[in-house]
Every structure is written in C-alpha cells, then in structure tokens.
Amino acid sequence: MQQINFNNNLRYKYSFKKQQSDEEKVKKRQNILSSLLSSALVIADYYIVANIPPKISKSIIKKMININKSLSSSQVKSFEKAFDKAFKKSKLDEFGVSIFKCNDLTVDMYNIKEHIKKNITSKWLKKDSLEAYYNTILEHMKSDNSCYTFFDKTIYTSKNTRLSLFHEMGHAYNHNKTIFARALQKSRMLYQFLIVPISFTSICLATNEKNSQQKENKSKLNSLLLKLQNSFVKLSPLILFSSFLPMLIEEGLASIQGQKFAKNVLDKNIYSKVKHTNFLGFLTYLFLASFSSIVLWISLKIKNRFLDKQLNKT
C-alpha cells in the first residue's frame, strides 16, 4: 500500500501562507476603511465648525441689537455723551485711537476708506491690504457689529450696537496701555492656524487601544512614540480648546476694562445692559471654542467605535 505523506500535499504544506495572506487582506481592508472614515470625519468636522458657529453668532448678535434698540433716543444720546466723556478721560486719543460711528452705511462707505488711509499706522501699506482692511470693517458694519482695528487704531461701531462701545474701548486700552493683553491680541488668531492640523492629525492617528498595545509589545523601541501618539489623540480636544485661550482671555479682559470705564459714567439701568451685551458677545467666542473641541471629541469617539468593531470581527 502506498503511503500518503500529507506534508507533501500543497493544500496542507502551504496552509499557513494562505492564512497569512487572508490576514493581510483583512488588515488592508481595515486600513482602507479606516482611511476613508478618517477623511470623511475630517471633512465633516471642518464643514460643521465652519457653518454652525457663525449661525449661532448671528442669532446672539440679534439679541444684542434688540437690547440696543430697547434704549430710547434720549437714552442713546446720554449714553454716547457718557462714552465720549469716558473716552476723553482715558486719554486713548493721545495714543492715536479714534472713533468712527457709522449711522448710514451707504453714506459712510467712502468715509470709512478715507479714514483708513488717513489713520493707517503702516508706511508700507499696499493697495491690496487697504482693500482687505476696508472689506473687513464693511462686513462688521453690514452685520450690525462693532470692532476695534489694530491697523488704524479705530473703534468702529454700527448704529445698532452702540452698547458695545465700552467693550471696544477695552480692546483699545489693551492694545495701547498694557503688555500682557497686547501680547494676547497678537496671538488671538492662533486657533485659525491650528484648528485644521490638530483635527486632521488626531483623527488620522486615532487607533484602537488593543491594537496599539499589541504593536507596543512587538516593538519596545516604538513604545514611547505610541504612548505620545495616544496621549496626543486623547488630549487633542483639550489642546484645540487651549488654542482659543488667547482670544477668550483678551475678550474677557476687554469687557472687564470697558465695564470699569462704563461704571463711572452710566446709570445702573444702562450699565446692566452694557454688561449683558458684553456677556452675549463673549458667548459667541466661547461657543466657537467649545463647539470646535466637542465636534473633534465626537469624531474621535466615532472612529474608535468603528475600530473596535473591526477588531472584534477579526
């Protein structure tokens, strides 16, 4: 009788290779799905953060406008007189700070541009920069908002947000009379440079904890890098929120300083409305920071659940 050697049978001899190739196919499929999910989450994250906070801000600004409209014409006049008195007492005009009160945008459009040319602090201003500055102020005035501009040291205020004047005066004070707050102003746009890189990197680097532990056990040399990677991913929502802190702190300081000026010249009723307006304005910035961090945290949770399910399948 002929003896059959199973070791020579190709089906059994190379079964481990078949198993290995199947595992590689599963891993490749998981990697592809993980990459597609990461891309989808990054795009969704960016779209949600770019669209929802501006809509919330618009609704908050409407409330600020309604508070401003609740003032009678005599109250508005007394408020503006009180502001002019406080502004003169602050001596900010000695630092080159000026005020532009916009009452009719169609009439004031030309005057705004001329005001920028006259008061601009940079000697090397280009025409493109001038147009960009002008459009920025125009956007604020069209949306019934107020602002303080660093490039020409001017407080711009629309007709419907006069109560924000003291807050903007707080920005002017921070810019011209402080060191710490001025440093914060220079880095207030830090989040704009970090929000996309932090979100993109953390979502792409997010891995299943069990899978990362297996990699760590296989290669001790990479254990430190894996720990740093996992720590970054876990803390990324907090890191993202911290990038908003220069703006949040400076906005808070501007309101506090502005309210100090307002308290000395306004009656209690109008002063409380100034405080309420400042609080609503601060909420727009706080919402943007909190919402951006929460959206990133949810995106990471979604990816982790997906990776857990994929790992359980294998």
Side-chain angles (χ1 to χ4, degrees), residues 53-90 92-93 97-105 107-108 111-112 115 136-150 152-177 181 185 188 247-288:
K55 290 180 180 178
I56 299 297
S57 294
K58 281 183 181 179
S59 65
I60 292 174
I61 290 170
K62 282 182 181 179
K63 290 182 179 180
M64 294 166 68
I65 292 168
N66 290 333
I67 294 170
N68 197 95
K69 286 181 177 179
S70 69
L71 296 175
S72 64
S73 57
S74 60
Q75 283 179 318
V76 172
K77 286 180 181 178
S78 64
F79 170 81
E80 291 191 359
K81 281 182 180 179
F83 172 77
D84 291 340
K85 182 182 176 182
F87 180 77
K88 191 175 181 180
K89 194 175 180 180
S90 70
L92 284 168
D93 56 331
V97 178
S98 58
I99 304 161
F100 192 104
K101 295 176 183 177
C102 186
N103 294 308
D104 187 347
L105 190 58
V107 176
D108 292 326
N111 295 330
I112 289 171
H115 182 84
T136 300
I137 296 165
L138 217 59
E139 282 179 20
H140 278 78
M141 296 302 103
K142 283 179 179 178
S143 60
D144 284 322
N145 210 339
S146 297
C147 63
Y148 170 74
T149 51
F150 306 118
D152 62 352
K153 293 187 177 184
T154 303
I155 296 170
Y156 291 92
T157 178
S158 66
K159 188 178 180 180
N160 293 323
T161 50
R162 288 286 198 265
L163 289 172
S164 298
L165 272 168
F166 282 99
H167 171 78
E168 302 306 335
M169 193 162 96
H171 280 305
Y173 181 90
N174 290 343
H175 182 225
N176 295 281
K177 289 193 172 186
Q185 286 176 338
R188 63 179 279 125
M247 178 181 67
L248 290 174
I249 295 169
E250 199 277 321
E251 286 292 334
L253 290 174
S255 290
I256 292 167
Q257 187 59 52
Q259 284 163 201
K260 284 181 182 177
F261 290 126
K263 193 174 183 180
N264 296 325
V265 293
L266 296 177
D267 62 60
K268 288 183 179 180
N269 182 34
I270 299 178
Y271 176 67
S272 64
K273 289 182 178 182
V274 168
K275 286 175 69 178
H276 190 192
T277 301
N278 290 346
F279 175 71
L280 289 173
F282 183 76
L283 279 183
T284 60
Y285 298 101
L286 183 60
F287 178 79
L288 174 62

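These values consider heavy atoms only, across backbone and side chains, with no hydrogens, waters or symmetry-generated copies.
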Query raised in the report: Nearest 0.5 Å, what's the OG-NZ distance between Ser143 and Lys62?
Result: 12.0 Å

**Report entry** Any side-chain heavy-atom pair of Thr277 and Asn68 under 4.5 Å
**Finding:** no

**Report entry** Inter-residue atom distance Ile155.CD1 - Phe166.CZ, 0.5 Å rounding
**Finding:** 10.0 Å

Report task. Give the intermediate values and the outcome of side-chain contact (heavy atoms from CB on, under 4.5 Å) for residues Phe83 and Met169. Result -> CA-CA 9 Å; Phe83 172 77; Met169 193 162 96; 3.6 Å; yes

Query raised in the report: Taking all atoms of both residues into account, what is the closest heavy-atom pair of Cys102 and Met141, and its distance?
Result: CB-SD, 3.8 Å

Query raised in the report: Could you go step by step and tell me if Lys142 and Leu105 meet the side-chain contact (heavy atoms from CB on, under 4.5 Å) rule?
Result: CA-CA 8 Å; Lys142 283 179 179 178; Leu105 190 58; 3.4 Å; yes

Query raised in the report: Is the number of heavy atoms from other residues, nucleotides or ligands under 6.0 Å of Lys275 NZ greater than 12?
Result: no

Requested in this report: Report yes or no: do Ser146 and His167 form a side-chain donor-acceptor pair below 3.5 Å?
Outcome: no

Query - Check against side-chain hydrogen bond (donor to acceptor under 3.5 Å, both in side chains), Asn174 and Gln257 - result: CA-CA 8 Å; Asn174 290 343; Gln257 187 59 52; over 6 Å; no

Query raised in the report: Which distance, rounded to the nearest 0.5 Å, do you find between the CG of Leu253 and the CG of Leu248?
Result: 11.0 Å

Report summary line: One should read off an interatomic distance between Thr157 OG1 and Leu163 CG, to the nearest 0.5 angstrom, of 9.0 Å

Report task. Would you check if the side chain of Glu251 reaches a backbone N or O of Phe282 as a donor-acceptor pair within less than 3.5 Å? Result -> no

Query raised in the report: Under 3.5 Å, is there a donor-acceptor pair between the side chain of Thr154 and the main chain of Thr149?
Result: no

Requested in this report: Output yes when Lys101 and Asp84 qualify as a salt bridge under the 4.0 Å nitrogen-oxygen rule, no when they do not.
Outcome: yes

**Report entry** For Phe261 against Ala86, the heavy-atom pair lying closest together
**Finding:** O-CB, 4.3 Å

Query - Polar side chain donor-acceptor pair, His175 to His171, under 3.5 angstrom - result: no

Query raised in the report: Is there a donor-acceptor pair under 3.5 Å between the side chain of Asp108 and the backbone N or O of Asn103?
Result: yes

**Report entry** Minimum-distance pair of heavy atoms, taken over all atoms of Met64 and Ser164
**Finding:** CE-OG, 3.8 Å

**Report entry** Flag side-chain contact, heavy atom, 4.5 Å: Ile67 against Leu280
**Finding:** yes

Query raised in the report: Taking C-beta and beyond as the side chain, do Lys89 and Val265 meet within less than 4.5 Å on heavy atoms?
Result: no

Query raised in the report: Got Ser90 and Tyr173 here, is their nearest side-chain heavy-atom distance under 4.5 Å?
Result: no

Requested in this report: Begin from the C-alpha positions of Val274 and Phe79 and carry the test side-chain contact (heavy atoms from CB on, under 4.5 Å) through to its verdict.
Outcome: CA-CA 10 Å; Val274 168; Phe79 170 81; 3.9 Å; yes

Query raised in the report: Taking the six-membered ring for Trp, is the centroid-to-centroid distance between Tyr285 and Phe287 below 6.0 Å?
Result: no

Query - CG-CD1 distance between Asp152 and Ile112, expressed to the nearest 0.5 angstrom - result: 10.5 Å

Report summary line: In this structure, OG of Ser59 is separated from NZ of Lys63 (nearest 0.5 Å) by 6.5 Å

Query raised in the report: Between Ser98 and His115, which heavy-atom pair has the shortest distance, and what is it?
Result: OG-NE2, 3.3 Å

Query - Flag side-chain contact, heavy atom, 4.5 Å: Leu165 against Phe87 - result: no

Report task. Any chance you could lay out the side-chain contact (heavy atoms from CB on, under 4.5 Å) test for Asp93 and Lys88, step after step, and finish with the verdict? Result -> CA-CA 7 Å; Asp93 56 331; Lys88 191 175 181 180; 5.6 Å; no

**Report entry** Minimum heavy-atom distance between Asn269 and Asp267, given as atom pair plus value
**Finding:** N-OD1, 3.1 Å

Query raised in the report: How far apart are the closest heavy atoms of Asp144 and Thr161, and which atoms are they?
Result: O-CG2, 2.7 Å

